[in-house]
A.B. asks: 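Take a look at this one; I'll ask things after.
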Amino acid sequence: MKRSRINEIMAQADQMIRSYGFVLPPWAYWTPAEFQARASAAKAVIDARCGWDITDYGAGRYDSMGLFLFTLRNGRLADLRRGGGMCYAEKLLISKQDQMSPMHTHVIKAEDIINRGGATLVVALYGSDADGNFDETAGGTVFCDGLRRDFTPGEKLKLAPGESVTLMPGDWHAFWGEGGDVLIGEVSTVNDDETDNIFHDPIGRFAQVEEDAAPTHLLVSDYGTWLRQAL
């Protein structure tokens, strides 16, 4: 993805987020130079990979297959393993109209996906086989706003604003906006985007960036390059 396009998506996303009454934390608006200068103070943010995340899954077709994410907070895997402490994460996402977030599941993470506003959020669901692999013949059970919902293979849940679905490891899912763009909340166990996303098709998790412009704000995938010497 071109950096100029990423900058544009950030500005549009911030406007949409604000329109629904949410405001990102102050460090979200730091310039790269400010982040470098304050990297030591922001070490917990950086280590947790909180911040801006815009992906086209390496396919170069962001409008048809992509996702905007902002990780607001993220816990510690060590706490999760010992069963106490900061075991949770929270994100805001934007799924544009007909923009696919492709079929995937997680090994560790359970998550609530919440339609926070906008159009209808469609979630396509499949179950797993005995080894946790994608099974096109398997349905399963999820909970929508705490109410049990059995699903058939490939069934599409349609979530209106205010509605949610709880997805457990092994629940294979893809999602997109129907009829317009959707602001999505995600509340989950500790999030590890480096290792815990298992995609049905062999695709990448992060975009390859073409530096045709200076970044307005850093992506989480920029931290290793831009902030390594500052820490």
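Starting from 1, each residue takes its place in the sequence as its number. Because only heavy atoms are used, hydrogens play no part in the values below, and waters and symmetry mates are left out as well, while side chains stay in.
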A.B. asks: Quick one: closest heavy-atom pair of Ala207 and Asp56, and the distance?
C.D. replies: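 In terms of heavy atoms, the two residues are closest at CB-OD1, 3.4 Å.
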
A.B. asks: Tell me yes or no: between the side chains of Ser101 and Tyr57, is some donor less than 3.5 Å from an acceptor?
C.D. replies: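 Distance-only check passes for Ser101 and Tyr57.
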
A.B. asks: Of the non-hydrogen atoms in Asp129 and Asp131, which two are nearest, and what is the gap between them?
C.D. replies: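 In this case the closest contact between Asp129 and Asp131 is OD1-N, 2.9 Å.
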
A.B. asks: Would you please test Tyr62 and Ile9 for side chain to side chain contact (heavy atoms under 4.5 Å, CB included) and show each step?
C.D. replies: CA-CA 10 Å; Tyr62 177 78; Ile9 293 166; 3.4 Å; yes

A.B. asks: Taking the side chain as every heavy atom from C-beta outward, state whether Phe143 and Val165 have any atom pair closer than 4.5 Å.
C.D. replies: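 Phe143 vs Val165: side chains apart.
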
A.B. asks: Please say whether more than 12 non-hydrogen atoms of neighbouring residues, nucleotides or ligands are located less than 6.0 Å from CD in Glu8.
C.D. replies: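 Enclosed: over 12 neighbouring heavy atoms sit under 6.0 Å from CD of Glu8.
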
A.B. asks: Quick one: do Leu72 and Val220 end up in the same hydrophobic cluster if we chain Ile, Leu, Val, Met, Phe, Trp and Tyr together by side-chain heavy atoms under 4.5 Å apart?
C.D. replies: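 Yes.
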
A.B. asks: Are there more than 12 heavy atoms of other residues, nucleotides or ligands under 6.0 Å from atom CZ of Phe199?
C.D. replies: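 Counting neighbours around CZ of Phe199, more than 12 heavy atoms of other residues, nucleotides or ligands fall under 6.0 Å, so yes.
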
A.B. asks: Tell me if the CD atom of Gln15 is crowded by more than 12 foreign heavy atoms within 6.0 Å.
C.D. replies: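 Open.
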
A.B. asks: Can you check whether Gly84's main-chain N or O pairs, donor with acceptor, with Arg82's side chain at less than 3.5 Å?
C.D. replies: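 At least one qualifying donor-acceptor pair exists.
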
A.B. asks: Apply the test side chain to side chain contact (heavy atoms under 4.5 Å, CB included) to residues Arg76 and Leu80: give CA-CA distance (whole Å), side-chain angles for both, the deciding distance (0.1 Å), then the verdict.
C.D. replies: CA-CA 6 Å; Arg76 294 178 284 262; Leu80 188 63; over 6 Å; no

A.B. asks: Are the aromatic ring centres of Phe70 and Trp27 under 6.0 angstrom apart?
C.D. replies: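 Yes - the distance between ring centres of Phe70 and Trp27 falls below the 6.0 Å cut-off.
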
A.B. asks: Is there side-chain contact between Asp14 and Leu24, with heavy atoms separated by less than 4.5 Å?
C.D. replies: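 Yes. Closest side-chain heavy atoms under 4.5 Å.
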
A.B. asks: Please examine the side chains of Lys158 and Glu178, heavy atoms only from C-beta on, and report whether any two atoms are closer than 4.5 Å.
C.D. replies: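 Yes; the side chains approach each other to less than 4.5 Å.
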
A.B. asks: State whether the side chain of Asp181 and the backbone N or O of Gln97 hold a donor-acceptor pair below 3.5 Å, judged by distance alone.
C.D. replies: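 Flag set: sc Asp181 to bb Gln97 pair under 3.5 Å.
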
A.B. asks: For the pair Arg38 (side chain) and Glu34 (backbone), establish whether a donor and an acceptor sit closer than 3.5 Å, ignoring hydrogens and angles.
C.D. replies: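 No; zero donor-acceptor contacts below 3.5 Å.
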
A.B. asks: Would one find more than 12 heavy atoms of other residues, nucleotides or ligands at under 6.0 Å from atom CE of Met168?
C.D. replies: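 Check fails, neighbour count at 12 or below.
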
A.B. asks: So, for Thr55 and Arg205, which heavy atoms are closest and what is the spacing to 0.1 Å?
C.D. replies: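 So the minimum-distance heavy-atom pair works out to OG1-O, 2.7 Å.
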
A.B. asks: Evaluate the criterion salt bridge (Lys or Arg N to Asp or Glu O under 4.0 Å) for residue pair Arg228 and Asp222; output intermediate values, then yes/no.
C.D. replies: CA-CA 10 Å; Arg228 182 171 52 243; Asp222 291 324; over 6 Å; no

A.B. asks: Taking Phe175 as the starting point, is it possible to reach Ile94 by hopping between hydrophobic residues whose side chains are less than 4.5 Å apart?
C.D. replies: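 In one cluster with Ile94: Phe175, no.
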
A.B. asks: Counting C-beta onward and ignoring hydrogens, is there a side-chain heavy-atom pair between Phe134 and Met103 closer than 4.5 Å?
C.D. replies: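 Yes, at least one pair of side-chain atoms sits under 4.5 Å.
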
A.B. asks: Between Glu210 and Arg3, is the closest basic N to carboxylate O distance under 4.0 Å?
C.D. replies: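 Salt bridge between Arg3 and Glu210, a charged N being under 4.0 Å from a carboxylate O: no.
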
A.B. asks: To the nearest 0.5 angstrom, please state how far the CD atom of Glu155 sits from the CZ atom of Arg149.
C.D. replies: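 Rounded to the nearest 0.5 Å, the CD-CZ separation comes to 5.0 Å.
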
A.B. asks: Check Thr189, Asn191, Asp196 against Lys109 for a side chain to side chain donor-acceptor pair (under 3.5 Å) and give me the one that passes.
C.D. replies: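 One option only clears the test, and that one is Asn191.
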
A.B. asks: CD1/Ile114 to CD/Glu186 distance, rounded to the nearest 0.5 angstrom?
C.D. replies: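 Going from CD1 on Ile114 over to CD on Glu186, the span is 8.5 Å.
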
A.B. asks: Is the backbone of Thr141 close enough, under 3.5 Å, to the side chain of Asp150 for a donor and an acceptor to pair up by distance?
C.D. replies: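 No.
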
A.B. asks: Test Phe35 against every option in Tyr223, Trp226, Trp52 by the ring-ring contact (aromatic ring centres under 6.0 Å, His included) rule and name the one that passes.
C.D. replies: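 Answer after filtering Tyr223, Trp226, Trp52: Tyr223.
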
A.B. asks: Regarding Lys96 and Asp98, does a basic nitrogen lie under 4.0 Å from an acidic carboxylate oxygen?
C.D. replies: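 Salt bridge absent between Lys96 and Asp98.
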
A.B. asks: If Ile, Leu, Val, Met, Phe, Trp and Tyr residues are connected whenever their side-chain heavy atoms lie under 4.5 Å apart, and connections chain through other members, are Phe206 and Leu227 in the same group?
C.D. replies: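 Yes; tracing contacts between hydrophobic side chains, which count when under 4.5 Å, links both residues.
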
A.B. asks: Ala119 and Pro161: which non-hydrogen atoms are nearest, and at how many Å?
C.D. replies: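 For Ala119 and Pro161, the tightest heavy-atom pair comes out as O-CD, 3.9 Å.
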
A.B. asks: Backbone N or O of Ser4 within a donor-acceptor pair of the Asn7 side chain at under 3.5 Å?
C.D. replies: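 Not at all, since once roles are kept as given, no pair shorter than 3.5 Å links the two residues.
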
A.B. asks: Between Asp135 and Asn133, do the side chains contain an N or O donor and an N or O acceptor separated by less than 3.5 Å?
C.D. replies: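 Result is no, nothing qualifies.
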
A.B. asks: Could you walk me through whether Tyr126 and Asp171 satisfy the side-chain hydrogen bond (donor to acceptor under 3.5 Å, both in side chains) test, starting with their C-alpha distance in whole Å, then the side-chain angles of each, then the deciding distance to 0.1 Å, before giving a yes or no?
C.D. replies: CA-CA 6 Å; Tyr126 286 89; Asp171 292 334; over 6 Å; no

A.B. asks: Can you check side chain to side chain contact (heavy atoms under 4.5 Å, CB included) on Thr120 and Leu159, steps first, answer last?
C.D. replies: CA-CA 6 Å; Thr120 300; Leu159 303 177; 5.8 Å; no

A.B. asks: Tell me whether Met16 shares a hydrophobic cluster with Val182, the cluster being built from Ile, Leu, Val, Met, Phe, Trp, Tyr side chains joined at under 4.5 Å.
C.D. replies: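 No; Val182 is not reachable from Met16 via cluster members.
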
A.B. asks: Nearest 0.5 Å, please: how far is CG in Asp212 from CE in Met1?
C.D. replies: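 One finds 10.5 Å between CE of Met1 and CG of Asp212.
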
A.B. asks: Show the nearest heavy-atom pair for residues Trp172 and Gly132, with the distance to one decimal.
C.D. replies: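 In this case the closest contact between Trp172 and Gly132 is NE1-O, 3.5 Å.
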
A.B. asks: Could you tell me whether the side chain of Ile17 reaches within less than 4.5 Å of the side chain of Val23, counting heavy atoms only?
C.D. replies: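 Heavy-atom side-chain distance check fails, nothing below 4.5 Å.
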
A.B. asks: Quick one, Ile198 and Val107 - any side-chain contact, counting heavy atoms below 4.5 Å?
C.D. replies: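 Side-chain contact under 4.5 Å: yes.
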
A.B. asks: Does Arg49 pair with Glu194 as a salt bridge, N-O distance under 4.0 Å?
C.D. replies: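 Between Glu194 and Arg49 there is a salt bridge, with a charged N closer than 4.0 Å to a carboxylate O.
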
A.B. asks: What I want to check is whether the side chains of Thr71 and Asn74 have a donor and an acceptor closer together than 3.5 Å.
C.D. replies: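 Judged by distance alone, the side chains do not pair up.
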
A.B. asks: May I ask whether Val123 and Leu92 are part of the same hydrophobic cluster, defined by side-chain heavy atoms of I, L, V, M, F, W, Y residues being less than 4.5 angstrom apart, directly or through others?
C.D. replies: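 Not linked; separate clusters.
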
A.B. asks: Looking only at side-chain N and O atoms, does Asp112 offer a donor or acceptor that is under 3.5 Å from a partner on Ser164?
C.D. replies: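 No, Asp112 and Ser164 have no side-chain donor paired with an acceptor closer than 3.5 Å.
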
A.B. asks: Nearest heavy-atom pair of Pro102 and Ala174: which atoms, and what distance?
C.D. replies: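 Taking every non-hydrogen atom into account, C-CB, 3.9 Å.
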
A.B. asks: To the nearest 0.5 angstrom, please state how far the CD1 atom of Ile184 sits from the CG atom of Leu93.
C.D. replies: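 Result: 5.5 Å between the selected atoms.
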
A.B. asks: Measuring from atom CZ of Arg73 to atom CE of Met86, what distance do you get when rounded to the nearest 0.5 angstrom?
C.D. replies: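 The distance works out to 7.0 Å.
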
A.B. asks: Using the rule given for side chain to side chain contact (heavy atoms under 4.5 Å, CB included), can you reason through His173 versus Glu111, listing the C-alpha separation, both sets of side-chain angles and the distance that settles it, and then say yes or no?
C.D. replies: CA-CA 12 Å; His173 54 285; Glu111 58 188 338; 3.1 Å; yes

A.B. asks: Could you give the distance from CE (Met100) to CG (Leu67), rounded to the nearest 0.5 Å?
C.D. replies: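 Between atom CE of Met100 and atom CG of Leu67 there are 12.0 Å.
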
A.B. asks: Is any side-chain heavy atom of Ile108 less than 4.5 Å from a side-chain heavy atom of Val190?
C.D. replies: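 Of all side-chain heavy-atom pairs linking Val190 with Ile108, none is under 4.5 Å.
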
A.B. asks: Among side-chain atoms of His200 and His104, is any donor-acceptor pair under 3.5 angstrom?
C.D. replies: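 No donor-acceptor contact under 3.5 Å links the two side chains.
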
